[in-house]
Novice: 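What follows is a structure written as structure tokens; I'll ask about it next.
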Amino acid sequence: MQRIAMLGGGFIGRFYADSIHGQRSRDKVVAIYARRQETADKFKADYGCSFASTDMEEVIAHPDVDMVCIALPNNIHETAVNLCAKHKKSVVCTKPLGRTGEEALRMMKTVEEAGIFAGYLEDLCYTPKFLKALDSVKNGALGRILWAKSRETHPGPHSDWFWDKEQAGGGCMLDLGCHCVEISRNFIGKDVKPVEVMCWAATQVKPIEAEDHAIALVKYENGAIGQFEVSWTFRGGMDLRDEVMGTEGTIWINNFLRTGFEMFSTGKGADYVAEKAESNTGWLFPVGDEVNDLGYNHMFTDMFSAQEEGRTPAETFYDGYIVNAVLDAAYKSAETKQWEKVVLPVWRGQEGLKPESTLVDYDADHYLIKQEMTHDGRNKLILKEKASGKIIERDVV
């Protein structure tokens, strides 16, 4: 059983509490910290907490607390992590870990030096569809992974601090791109080094200083490419999609928005449809089990079980640091309009990988380009002669 202090009583803190109280049926949010007393009191009443305070350290240090869950604005993450280290409390932190790679690296070093359990709450790497897809990739169903693309777009976040560049550290790229980068890392291989980034970002719609739309390519040392598309300007709800392409197959995932559940309503019923839905009238796209479909249940099960079993969770502060470093390069590229190097002063994966050969032998004299069955029933080969380099066609009889 985990006795948890929730830091933050807003939107994400409530999502987390719903999952924590519902998944393993033995974990409990026992304390709540919020910056406003009315928020703390409301959360305490709704979730049956025994203690509430606007003093963060008092909540973290409370003797009934075993683990701290950080669900705070980005600029407060490091302060909370430092207090967890001071009081030797296990900690799990929402995404992004930091506002920059440097900040995230400090947080990683803090928990490691303190010897406390730390997990990175990257929920979209725990959705049921993602976990199934990742198993298929790891089992070789797609062959060698060439390209992994992730998209998250919606009309914008719920709280005011997200829109403040100083508090948040960035715009949609930091808020949403952190999900997308880590999704691609998992499919390509988290021990494969991201080496450089090319990014376009702009403020197209919202009256803010940060970007509200961005697209980027992340080049990995083994030749694979990660891609992300993120936006706070997308209309129509929240769109979460992933695509993975390998030498032997492809995976398409739609986690939200159009998942096979469609409903029409005149709007006279309940107001809430799904996270970031923009309307409750007309044709709607509810989500069957929002907390589970967004990965929270599997995420907290992994975190709490890992802490109790003395193992490393699937997503760690190290992963959060790598993501922040990739996004640092993306922000720099958006300014310079050039490929920018991913700066990783700490790297714990493979070194010196080279792009694998694309050449596939057909026989001693030819490379295979393609084999297909045509509409007229022929089994056709397209080959390249090794000696001459000439491209030829041949029917298999």
Side-chain angles (χ1 to χ4, degrees), residues 5-16 32-37 39-40 43 53-61 68-87 89 91-111 114 116 118-123 152 156-179 181-182 201 203 206-212 214 230 232 315-332 334-335 343:
M6 185 66 68
L7 307 186
F11 179 84
I12 193 62
R14 285 177 168 271
F15 251 130
Y16 285 171
I32 173 65
Y33 159 78
R35 291 171 292 168
R36 293 185 292 271
Q37 189 64 52
T39 302
F43 191 103
S53 176
T54 57
D55 184 323
M56 187 191 303
E57 185 165 9
E58 186 180 20
V59 170
I60 292 171
V68 176
C69 180
I70 300 173
L72 295 168
N74 299 344
N75 61 315
I76 314 176
H77 290 186
E78 187 172 14
T79 298
V81 167
N82 290 341
L83 288 172
C84 291
K86 175 182 176 181
H87 293 282
K89 295 295 178 79
V91 58
V92 290
C93 183
T94 192
K95 62 78 195 173
L97 183 59
R99 291 172 292 176
T100 66
E102 183 180 7
E103 188 173 82
L105 181 58
R106 289 198 304 267
M107 294 162 69
M108 182 190 83
K109 290 180 176 179
T110 294
V111 297
I116 60 174
Y120 178 48
L121 298 181
E122 179 41 81
D123 58 286
E152 180 170 1
H158 305 281
S159 301
D160 54 1
W161 66 264
F162 280 97
W163 304 92
D164 183 324
K165 189 174 181 180
E166 176 58 31
Q167 291 186 74
C172 67
M173 189 150 59
L174 189 61
D175 178 36
L176 310 181
C178 59
H179 288 303
V181 169
E182 188 63 357
T203 309
K206 307 295 184 182
I208 58 174
E209 298 301 317
E211 76 289 346
D212 61 16
V230 293
W232 284 347
E315 295 293 326
T316 67
F317 273 31
Y318 172 75
D319 294 312
Y321 145 68
I322 298 295
V323 168
N324 271 123
V326 171
L327 292 174
D328 284 353
Y331 276 109
K332 186 174 181 181
E335 293 180 356
V343 179

Novice: Does the side chain of V323 reach to within under 4.5 Å of the side chain of E122, using non-hydrogen atoms?
Specialist: no

Novice: If you round to the nearest 0.5 Å, how far is CH2 of W161 from CG of L72?
Specialist: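 Atom-to-atom, L72:CG and W161:CH2 are 9.0 Å apart.
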
Novice: Please report the C-alpha distance between F15 and F11 in whole Å, then the side-chain angles of each, then the deciding distance to 0.1 Å, and finally whether the ring-ring contact (aromatic ring centres under 6.0 Å, His included) criterion is met.
Specialist: CA-CA 6 Å; F15 251 130; F11 179 84; 5.1 Å; yes

Novice: Measure across A118 and V111 and return the closest heavy-atom pair with its distance rounded to 0.1 Å.
Specialist: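 That closest heavy-atom pairing would be CB-CG2, 3.8 Å.
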
Novice: More than 12 heavy atoms of other residues, nucleotides or ligands under 6.0 Å from NZ of K206: yes or no?
Specialist: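 Above 12, so yes.
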
Novice: Is the side chain of D328 donor-acceptor paired with the backbone N or O of G101 at a distance under 3.5 Å, no angle test?
Specialist: yes

Novice: Ignoring hydrogens and angles, tell me if any N or O in the side chain of S53 forms a donor-acceptor pair with the backbone of Y33 under 3.5 Å.
Specialist: no

Novice: If we ignore hydrogens and angles and just use 3.5 Å, is the side chain of E211 paired with the main-chain N or O of M173 as donor and acceptor?
Specialist: yes

Novice: Check for a donor-acceptor pair, side chain of N324 on one end and backbone N or O of Y321 on the other, with a separation under 3.5 Å.
Specialist: no

Novice: Should we count CD of E58 as having more than 12 external heavy atoms under 6.0 Å?
Specialist: yes

Novice: I need the T203 OG1 to E209 CD distance, nearest 0.5 Å.
Specialist: 7.5 Å

Novice: Take T94 and Y16, measure what side-chain contact (heavy atoms from CB on, under 4.5 Å) needs, and give me the verdict at the end.
Specialist: CA-CA 10 Å; T94 192; Y16 285 171; 2.7 Å; yes

Novice: What pair of heavy atoms forms the shortest contact from A168 to F162, and how long is it?
Specialist: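 Nearest heavy atoms, A168 then F162: CB-O, 3.5 Å.
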
Novice: Without swapping roles, check the side chain of T100 against the backbone of E103 for a donor-acceptor pair under 3.5 Å.
Specialist: yes

Novice: Working to the nearest 0.5 angstrom, can you tell me the gap between C84 SG and L7 CG?
Specialist: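 Output value for this atom pair is 6.5 Å.
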
Novice: side-chain contact (heavy atoms from CB on, under 4.5 Å), that's the test. Do H179 and D123 meet it? Break it down for me.
Specialist: CA-CA 8 Å; H179 288 303; D123 58 286; 3.3 Å; yes

Novice: Exactly one of V92, I70, I12 should register a side-chain contact (heavy atoms from CB on, under 4.5 Å) with L121. Which one does?
Specialist: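 Output: one option passes, namely V92.
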
Novice: Would you name the heavy atoms of A34 and A40 that are closest together and state the gap between them?
Specialist: CB-N, 3.7 Å

Novice: Do N82 and T79 meet the criterion of a side-chain donor-acceptor pair at a distance under 3.5 Å?
Specialist: no

Novice: Report the distance from atom OG1 of T110 to atom CD1 of I116, rounding to the nearest 0.5 Å.
Specialist: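 Going from OG1 on T110 over to CD1 on I116, the span is 8.5 Å.
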
Novice: Run the side-chain contact (heavy atoms from CB on, under 4.5 Å) test on M108 and L105 for me, step by step, so that the C-alpha distance in whole Å, both residues' side-chain angles and the decisive distance to 0.1 Å come before the verdict.
Specialist: CA-CA 5 Å; M108 182 190 83; L105 181 58; 3.5 Å; yes

Novice: Just verifying a value: how many Å separate E78 CD and C93 SG, rounded to the nearest 0.5 Å?
Specialist: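 E78 atom CD to C93 atom SG measures 10.5 Å (nearest 0.5 Å).
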
Novice: Counting only N and O atoms by type, is there a donor-acceptor contact under 3.5 Å from the side chain of R99 to the main-chain atoms of E166?
Specialist: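 Looks like yes, one N/O pair under 3.5 Å.
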
Novice: Counting C-beta onward and ignoring hydrogens, is there a side-chain heavy-atom pair between M6 and V59 closer than 4.5 Å?
Specialist: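 Heavy-atom side-chain distance check fails, nothing below 4.5 Å.
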
Novice: Below 4.5 Å, heavy atoms only, C-beta onward: do L97 and M107 meet side chain to side chain?
Specialist: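 SC-SC contact between L97 and M107 confirmed.
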
Novice: If you measure from the Lys or Arg side-chain nitrogens to the Asp or Glu carboxylate oxygens, is any gap between E315 and K95 under 4.0 Å?
Specialist: no

Novice: Can you see which heavy atom on P96 is nearest to which on L174, and at what distance?
Specialist: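 Scanning both residues completely, I find the closest heavy atoms to be CG-CG, 3.8 Å.
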
Novice: Would you check if L176 and W232 make a side-chain contact, meaning some heavy-atom pair closer than 4.5 Å?
Specialist: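 SC-SC contact between L176 and W232 confirmed.
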
Novice: What distance do I60 atom CD1 and K86 atom NZ have between them, rounded to the nearest 0.5 Å?
Specialist: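 One gets 10.0 Å once the value is rounded to the nearest 0.5 Å.
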
Novice: For a side-chain contact (heavy atoms from CB on, under 4.5 Å) check, start with the C-alpha distance between H87 and V68, then their side-chain angles and the critical distance, and finish with the verdict.
Specialist: CA-CA 11 Å; H87 293 282; V68 176; over 6 Å; no

Novice: So does G98 get a backbone contact from the side chain of H77, meaning a donor-acceptor N/O pair under 3.5 Å?
Specialist: no

Novice: At their closest point, which heavy atom of W163 faces which heavy atom of P157, and how far apart are they?
Specialist: CZ2-CD, 3.3 Å

Novice: Heavy atoms only: give me the nearest V81-F317 pair and the separation to one decimal.
Specialist: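 Heavy atoms of V81 and F317 come nearest at CG2-CE2, 3.9 Å.
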
